[in-house]
Amino acid sequence: MKTYKEEIAELLVPHTGLTAQEIVWAITLPQHLDHGDFAFPCFPLAKKLRKAPPAIANDLAGLIKPVGAITKVEALNGYLNFFIDPADFAKRTLGAIALQGAAYGSSSRGAGKTVVIDYSSPNMGKELAFHHLRGTMIGNSLGKLYKRAGYRVVRINHLGDWGTSYGKLIVMFLRDGLKESDLEAMTIERLNALYTAFSNAAKDDPALEDQAREAFQRLEAGDARYRGLWQAFKDITLKELQRIYGFLDVEFDSYTGEAFFLDRMPATMGLLAGKNLVKASQGAEIVDLTEHNLPPVMLRKTDGATLYITRDIAAAIYRKETYAFDRCLYVVDNGQSLHFQQLIKVLELAGFDWYKGVEHVPFGLVLIKSEEGGWEKGKTRSGQSSLLKDVIEGAQEKILGIIREKNPEATNKEGLALQIGVGALVFSELKNRRLNDIRFEWDKALSFEGDSGPYVQNAHVRLCSILRKSAERAGRTGADHPAQAGVGGIDFTKFPEPQAQSLIRTLSLFPDKVGTAIEANDPCPMAQYALEIAEGAHGFIHSCRVLGSVEEKDRLFLIDCARIALGQTLDLIGVPPIEEM
RNA sequence: GCACCAGUAGCUCAGCUGGAUAGAGCGCUGCCCUCCGAAGGCAGAGGUCGCAGGUUCGACUCCUGCCUGGUGUACCA
């Protein structure tokens with residue numbers, strides 16, 4: 001079926017000398033309802049026709065006869081405004097939602113293409129901190145968005161599981177007199193404590209740093225005992241990670257961390273040397289990028305050990321070979337921008353033309369309000385831990401109290417509180433543009449009012465509640481989902497209220513919003529869109545009684561379509577679309 | 001020094017490939033529950049879109065320069 005824009009373009013082609021494609025591209029959505037549904041700006045034609053834009057608009061308005069769903073064409077301020085029959089608009093929009101259901105907004109733009117997304121990627125031996133949440137949820141959302149656009153998506157957690165840090169862990173483990181038999185009882189908290197203990201001890205005993213480097217060298221050399229400890233530490237970390245990811249409903253297709261690429265180091269170094277890129281400098285091996293206005297890339301330290309970026313180069317090549325990706329996205333904080341500029345430049349210089357598909361997707365800091373009132377990285381509140389699990393539990397606890405007060409009959413209050421808490425935290429991190437530093441305020445994020453996770457979840461809950469009550473009235477169990485039955489019997493002229501019109505217009509934007517989010521590699525447009533739907537839903541529910549009204553059947557249908565669109569939007573950004581709260 | 005990012009209402013932020021009168025939330029002033037969830041809705045006050053140039057019929061949006069702030073910058077990851 002043709003879109004409205006395409007229909008309008010057909011009308012304009014004979015009079016403008018533009019192609020249909022150019023016109024579709026130029027058509028915009030008016031900001032004000034009384035300006036119609038679509039607008040064609042006549043300004044670009046002014047030079048070509050040597051006429052003032054308002055005059056062109058007037059001429060075109062006289063030449064074009066409304067046909068089909070287009071009911072009126074009007075010239076205003078140099079724009080040609082098109083008005084669509086509201087019933088037709090409602091039928092197309094809601095019909096598409098009813099037909100596609102949970103697949104609403106799917107497209108084939110990514111058909112046959114593969115995108116690899118690297119996100120979260122914490123360091124092993126440490127617990128997920130609050131600041132890991134943003135990148136994790138951005139990557140999670142991008143994965144879902146790309147899937148909806150028809151891409152094959154490979155989600156990778158590039159664990160930081162190699163480096164001197166693991167020498168430190170081993171040193172402290174042995175220094176405490178611990179043995180392999182103690183690994184059974186080892187927890188992530190205790191591993192974390194070993195790190196802290198190391199930094200404290202190293203202040204008094206600088207020799208510890210050397211011991212850690214030695215331990216890491218033994219690890220790299222393949223010492224069996226050290227490798228065994230390392231593997232045990234990694235297993236403990238993974239188990240805990242998956243527990244937290246479970247709370248967030250985040251998944252990965254691969255956990256290939258840095259260590260996975262160790263045996264590819266010689267080949268990678270050889271490949272770069274073969275391209276004449278490797279240079280000796282102060283006892284280390286580097287790639288000199290001065291003529292590209294970048295600092296040098298260190299591939300190998302004086303002690304012979306490889307570095308982070310060396311493994312990243314190997315990993316990029318491996319991913320290309322393994323997944324044949326068209327695009328490879330690294331969702332990593334903006335502080336790493338130099339690193340990724342270097343990585344991509346090295347891939348280019350090495351002659352890999354696919355470097356063009358490799359892209360850093362940076363995001364800004366999450367700043368916390370300090371006691372002095374300033375903004376800083378780190379702790380969520382003075383004296384309070386910045387571990388992600390503690391933040392989630394804190395949110396859950398606070399919300400549990402509110403649920404007990406506002407909805408004492410709710411079943412599974414703990415589970416609901418967790419989903420609302422996660423929704424609140426996730427929404428507060430995704431509603432802003434990716435690159436903006438976020439000023440996180442605990443109370444605001446968990447606020448039950450305004451532009452918040454609970455606000456958008458609440459709109460979904462109210463829609464579900466009406467559908468549930470509808471079933472209840474008819475003696476059915478569960479909730480009614482009239483959209484599943486299709487558009488048969490629905491009277492699309494029954495939505496004349498401005499609140500209904502506004503809601504339908506908002507629902508029609510879903511596919512465009514998915515596209516916008518993907519082009520920007522940013523879930524933010526989707527989160528903003530969730531607010532728009534929620535606002536539209538609240539407005540409609542407030543002013544248009546559904547159950548018991550003359551238009552009950554038609555309004556229930558609209559409610560169900562709004563529920564689908566909002567539920568899908570929430571799912572795409574990783575906010576749990578709950579049905580009661 | 002170089003690199004990346006940000007600067008829009010008192011505060012926290014939206015604003016699609018340049019387009020019609022720059023939008024929300026919080027806070028502030030008021031109003032609306034005999035009515036499907038008030039975790040909601042409605043109204044009001046509040047802006048020289050960091051500064052200066054440039055491109056354009058048209059700039060919050062693009063370009064250049066500056067100012068301010070954040071982050072990063074070879075032997076950590």
Side-chain angles (χ1 to χ4, degrees), chain A residues 25-26 28-32 35 39 41 43-44 46-47 52-53 76-79 81 121 123 160-165 258 281-286 293-303 305 307-309 311-312 333-341 360 362-365 367 375 377 402-403 406-407 420 428 431-433 435-441 443-444 447-452 454-455 457-459 461-462 464-470 473 499 509 512-513 515-516 519-520 524-525 527-528 531-532 535 538-539 541-549 552 555 559 580-581:
Chain A
W25 181 250
T28 62
L29 306 183
Q31 289 168 18
H32 303 280
H35 289 163
F43 310 98
K47 197 169 270 177
L76 182 68
N77 301 338
Y79 286 88
N81 291 331
S121 307
N123 291 331
D161 59 2
W162 205 250
T164 323
S165 299
E258 291 188 68
S281 171
Q282 298 170 31
E285 290 177 66
I286 65 159
N293 200 23
L294 286 169
V297 170
M298 180 169 287
L299 297 170
R300 200 197 288 278
K301 302 193 283 182
T302 30
D303 67 5
L307 287 103
Y308 178 43
I309 193 156
R311 282 163 243 146
D312 257 3
D333 74 86
N334 195 27
Q336 302 289 323
S337 66
L338 202 50
H339 167 82
F340 285 103
Q341 281 182 50
H360 179 208
F363 56 89
L365 263 33
L367 302 168
W375 296 95
K377 289 170 80 171
I402 301 172
I403 293 178
K406 300 209 180 200
N407 188 5
I420 297 169
S428 77
K431 75 171 179 185
N432 296 340
R433 287 185 70 108
L435 271 159
N436 256 353
D437 288 348
I438 290 180
R439 289 155 211 285
F440 180 84
E441 290 176 78
D443 292 332
K444 199 171 275 185
S447 159
F448 276 41
E449 291 160 12
D451 290 354
S452 65
Y455 176 83
Q457 286 179 317
N458 181 236
V461 164
R462 291 181 72 188
C464 289
S465 173
I466 291 172
L467 294 164
R468 226 170 20 238
K469 288 215 162 62
S470 165
R473 286 183 159 209
Q499 291 84 357
L509 265 27
D512 289 343
K513 296 290 180 182
T516 304
E519 272 154 36
C524 164
Q528 293 291 331
L531 286 171
E532 289 175 39
E535 198 181 337
H538 280 308
I541 292 171
H542 183 260
S543 58
C544 302
R545 171 84 200 183
V546 176
L547 299 178
S549 69
E552 174 174 316
R555 287 180 174 175
I559 290 283
E580 63 168 335
M581 64 195 291

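Note: hydrogens, waters and symmetry copies are ignored here, and every other heavy atom, side chains too, is used. Every chain is numbered from 1 and lettered A, B, ... according to where its sequence line falls, protein lines coming before strand lines. This one's a predicted model, so the numbers in the text were calculated from it and none came from an experiment.
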Nearest to the side chain of [X], which nucleotide is it out of [options]?
| X | options | result |
| --- | --- | --- |
| A:K301 | B:rG37, B:rC2, B:rC75 | B:rC75 |
| A:T516 | B:rC16, B:rC2, B:rC76 | B:rC16 |
| A:Q528 | B:rA14, B:rC5, B:rA74 | B:rA14 |
| A:H538 | B:rG37, B:rG40, B:rA14 | B:rG40 |
| A:N436 | B:rA6, B:rG40, B:rA74 | B:rA6 |
| A:D451 | B:rG70, B:rC76, B:rG25 | B:rG25 |
| A:Q341 | B:rA20, B:rA3, B:rA14 | B:rA3 |
| A:L338 | B:rA3, B:rC36, B:rA20 | B:rA3 |

Please work out if [X] contacts a base, only the sugar-phosphate, or nothing of the nucleic acid, heavy-atom cut-off 4.0 Å.
| X | result |
| --- | --- |
| A:N123 | sugar-phosphate |
| A:R300 | nothing |
| A:L435 | sugar-phosphate |
| A:Q282 | base |
| A:L294 | nothing |
| A:Q457 | nothing |
| A:C464 | nothing |
| A:A39 | base |
| A:I541 | base |
| A:F43 | base |
| A:D512 | nothing |
| A:E580 | base |

Has [X] got a side-chain N or O lying under 4.0 Å from the OP1 or OP2 atom of [N]?
| X | N | value |
| --- | --- | --- |
| A:R433 | B:rG15 | yes |
| A:K406 | B:rA38 | no |
| A:R439 | B:rC13 | yes |

For [N] versus [M], give the span between their [atom1] atoms, rounded off to a whole number of Å.
| N | M | atom1 | answer |
| --- | --- | --- | --- |
| B:rA14 | B:rC32 | C1' | 28 Å |
| B:rG37 | B:rG50 | C1' | 45 Å |
| B:rG46 | B:rA6 | C1' | 24 Å |
| B:rG65 | B:rG1 | P | 15 Å |
| B:rC49 | B:rG7 | P | 14 Å |

Give the ring-plane orientation class for A:H339 versus A:Y308, where under 30° counts as parallel, over 60° as perpendicular and anything between as tilted.
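Parallel, since the angle between the ring planes stays under 30°.
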Taking atom [atom2] of [N] as reference, at what distance in whole Å does atom [atom1] of [X] sit?
| X | N | atom1 | atom2 | value |
| --- | --- | --- | --- | --- |
| A:I403 | B:rG37 | CD1 | C1' | 14 Å |
| A:E449 | B:rC13 | CD | C1' | 18 Å |
| A:I438 | B:rG25 | CD1 | P | 20 Å |
| A:H542 | B:rC36 | NE2 | P | 11 Å |

Does any donor-acceptor pair link the side chain of A:T302 with the base of B:rC75 at a separation under 3.5 Å?
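Yes.
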Do A:N81 side-chain and B:rA20 base share a donor-acceptor contact under 3.5 Å?
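A donor-acceptor contact between them is present.
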Compare all side-chain heavy atoms of A:N334 with those of A:F363 and state whether any distance is below 4.5 angstrom.
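Sidechains of A:F363 and A:N334: no contact.
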For RNA chain B, which consecutive runs of 3 or more Watson-Crick or G-U pairs (each distance under 3.5 Å) count as stems?
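Stems (3+ consecutive pairs) listed as B:1-7 with B:67-73, B:10-13 with B:23-26, B:28-32 with B:40-44, B:50-54 with B:62-66.
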Work out which heavy atom in A:C524 is nearest to a heavy atom in A:R433; give both atom names and the distance.
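So the two residues come closest at SG-N, 3.7 Å.
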A:R545 side chain vs A:L547 backbone, donor-acceptor pair below 3.5 Å:
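Yes; judged by distance alone, with no hydrogens or angles, the pair exists.
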